[in-house]
Number of protein chains: 2
Amino acid sequence: MPITPVKSTKLYHLIVEQLKQLIQSGEYRPGDKLPPERELAQRLRVSRAPVREALVALELLDVVEGRVGDGWFVKRAPDSSLDVSSVEGRPPSDILQARVLVECAIAEQVAAHHDDELVVGLHQAVEAFADELRRGQLNGEADRSFHLLLARASGNAVFADLVAYLWDLQNGQFFRLVEGMTGNERPRLERYVREHRAVYEAVETGDAGRARDAMRIHLEGVAKDLLDS
Amino acid sequence: MPITPVKSTKLYHLIVEQLKQLIQSGEYRPGDKLPPERELAQRLRVSRAPVREALVALELLDVVEGRVGDGWFVKRAPDSSLDVSSVEGRPPSDILQARVLVECAIAEQVAAHHDDELVVGLHQAVEAFADELRRGQLNGEADRSFHLLLARASGNAVFADLVAYLWDLQNGQFFRLVEGMTGNERPRLERYVREHRAVYEAVETGDAGRARDAMRIHLEGVAKDLLDS
DNA sequence: ATGACCTTATGGCCTTACCAATTTCACGCC
DNA sequence: GGCGTGAAATTGGTAAGGCCATAAGGTCAT
């Protein structure tokens, strides 16, 4: 089991949590005005800077809204948006099953539509992955790019959202595991490149069924890798 | 068309834009260390506070990562889809397509497994919906419960996450539309109850194919309702 | 040579204090 | 009663400084 720091060194994280809870508990409802920054700081026994950082973070999450010279207002309750940090600990098999469902459908759809421009971009993504591997970069950024680009090529923005979410969910969770297998991960990544290429080729020829199957094989391989370790 | 202010009153927005561009242009690549906060502030001709707010925002967007006592590091190129605010406004057809994909698979899986306890809960959810409708409650809470419960019954926690996310995405977006059709929404909701019941009955008898088809019919009906209005 | 330990420089994190810009609202004037 | 006006409230931004975590490099004993 990985050892996690007992205490977040960043104050604004704790403040975000408190404010989130304050809103979720119904203490402040959408439309309500929050106490002034200075009062919040005083009550939380911190200075204004981290309070403002927390409010900026919540503004980005669409939970609050700051009006100059007026105050901070609750916009909506911080509910079940796709916040990776709030759903840590999903079983890996569940994540992979979802990826198979979503990404196979995407591969099928992209192959069926067959847009030349997107095919070129996809080819570049596959080769960028191979390049990174040759140069010894093993951070998985190119791997992510391929899956994300394919999702965007589907033309469905929500599909792209889901793929990004599932990717982060999987890799956030297995970060340490992936780090731990630095010894023998090279052949695994080389296989991934081949499997990506297989998906690409099926998409390029417009063979929807083969694209779907290639993606399924790829993801089931990934599942096996993760579940074995 | 709403008229937007020509000038953001918030400095940290402008700083986020500049830093984003700096990273997108390749000036700083993933893994690189950014200049110290103090130097950034000096070069941008602002004080450190808004710089830190911008960095906090970028950290939330997963673009940079701050390491205490070390520095700020680029994590990955700012990806337009990672912008939380841009997640708003997904095309309704995209949302519905994703729901069809995910929820049909769920219905199929639940029917195939056929857990008695879950079937009972599902039956209660369907009837709770019918009850609410009879009593004139039209907030759609019971509707949501049915879909969410079915997702949980699949045994896959990630499926439940996805259904909750897609539901909120759809209903956040069409809040006003749904509110606007208070006049003739009753027959529509009564149809939903019948369709939910159809899904339930297929699940109860363990007929996976019919469960999937019933769910597909239901969601395609929902899609039609939303897209027509 | 190697590994544990200390020192120092760097840089993020937080506080305090202060000033400027904006919005709201009540008050007084016409 | 309507309408400027100015005070109060509140956010936005600046400046300076102390504290503490981290990294790098040197020292020393093993």
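Reminder, nothing fancy here: chain letters follow the sequence lines and each chain counts from 1.
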Atom CD of E53(B) and atom P of dG13(D): how far apart are they, to the nearest Å? 7 Å

Measure from the side-chain heavy atoms of L11(B) and tell me the nearest of dG13(D), dC14(C), dC13(C). dG13(D)

Apply side-chain hydrogen bond (donor to acceptor under 3.5 Å, both in side chains) to E65(B) and list each qualifying residue two or more places apart in sequence or on a separate chain. none

What are the residues of residues 45-52 of chain A, sorted by number, that bring a heavy atom to within less than 4.0 Å of DNA chain D? R48(A), R52(A)

Considering residues at least two apart in sequence or located in another chain, which fulfil the side-chain hydrogen bond (donor to acceptor under 3.5 Å, both in side chains) criterion with R38(B)? none

Any residue meeting side-chain hydrogen bond (donor to acceptor under 3.5 Å, both in side chains) with Q109(A), in chain and number order, not counting sequence neighbours: Q97(B)

Can you pull every protein N or O that's under 3.5 Å from an N or O on nucleotides 7-10 of chain C?
none

Within this structure, what is the CD-to-P distance between Q42(A) and dT10(D), rounded to whole angstrom? 13 Å

Output the distance between atom CD (E59(B)) and atom CZ (F73(B)), rounded to the nearest 0.5 Å. 12.5 Å

Taking only residues two or more places apart in sequence, or in another chain, which ones meet A98(B) in a side chain to side chain contact (heavy atoms under 4.5 Å, CB included)? V158(A), F159(A), L162(A), L166(B)

H123(A): what forms a ring-ring contact (aromatic ring centres under 6.0 Å, His included) with it, not counting sequence neighbours? Y200(A)

With K33(A), which residues qualify under side-chain hydrogen bond (donor to acceptor under 3.5 Å, both in side chains), at least two apart? none

Residues forming a ring-ring contact (aromatic ring centres under 6.0 Å, His included) with Y28(A), sequence neighbours excluded: none

Which side-chain N or O atoms in residues 43-56 of chain A pair as donor and acceptor under 3.5 Å with protein atoms at least two apart or in another chain?
from: R48(A); atom 1: NE; to: E37(A); atom 2: OE1; distance (Å): 3.1
from: R48(A); atom 1: NH2; to: E37(A); atom 2: OE1; distance (Å): 3.1
from: R52(A); atom 1: NE; to: E53(B); atom 2: OE2; distance (Å): 2.9
from: R52(A); atom 1: NH1; to: E37(A); atom 2: OE2; distance (Å): 2.7
from: R52(A); atom 1: NH2; to: E53(B); atom 2: OE1; distance (Å): 3.4
from: R52(A); atom 1: NH2; to: E53(B); atom 2: OE2; distance (Å): 3.4
from: E53(A); atom 1: OE1; to: R52(B); atom 2: NH2; distance (Å): 3.4
from: E53(A); atom 1: OE2; to: R52(B); atom 2: NE; distance (Å): 2.9
from: E53(A); atom 1: OE2; to: R52(B); atom 2: NH2; distance (Å): 3.4

Quick note, K10(B) side chain, CB onward, closest among dG12(C), dG12(D), dG13(D) is dG12(D)

Please list, chain by chain and in numerical order, all residues satisfying ring-ring contact (aromatic ring centres under 6.0 Å, His included) with Y192(B), sequence neighbours excluded. H218(B)

Degree of bending, the helix from dA1(C)-dT30(D) to dC30(C)-dG1(D) (end axes from five pairs; round to 10°): 10°

Specify the separation, in whole Å, of atom CH2 of W72(A) and atom P of dT24(C). 16 Å

Separation of dC13(C) atom P from D70(B) atom CG, nearest Å, is 10 Å

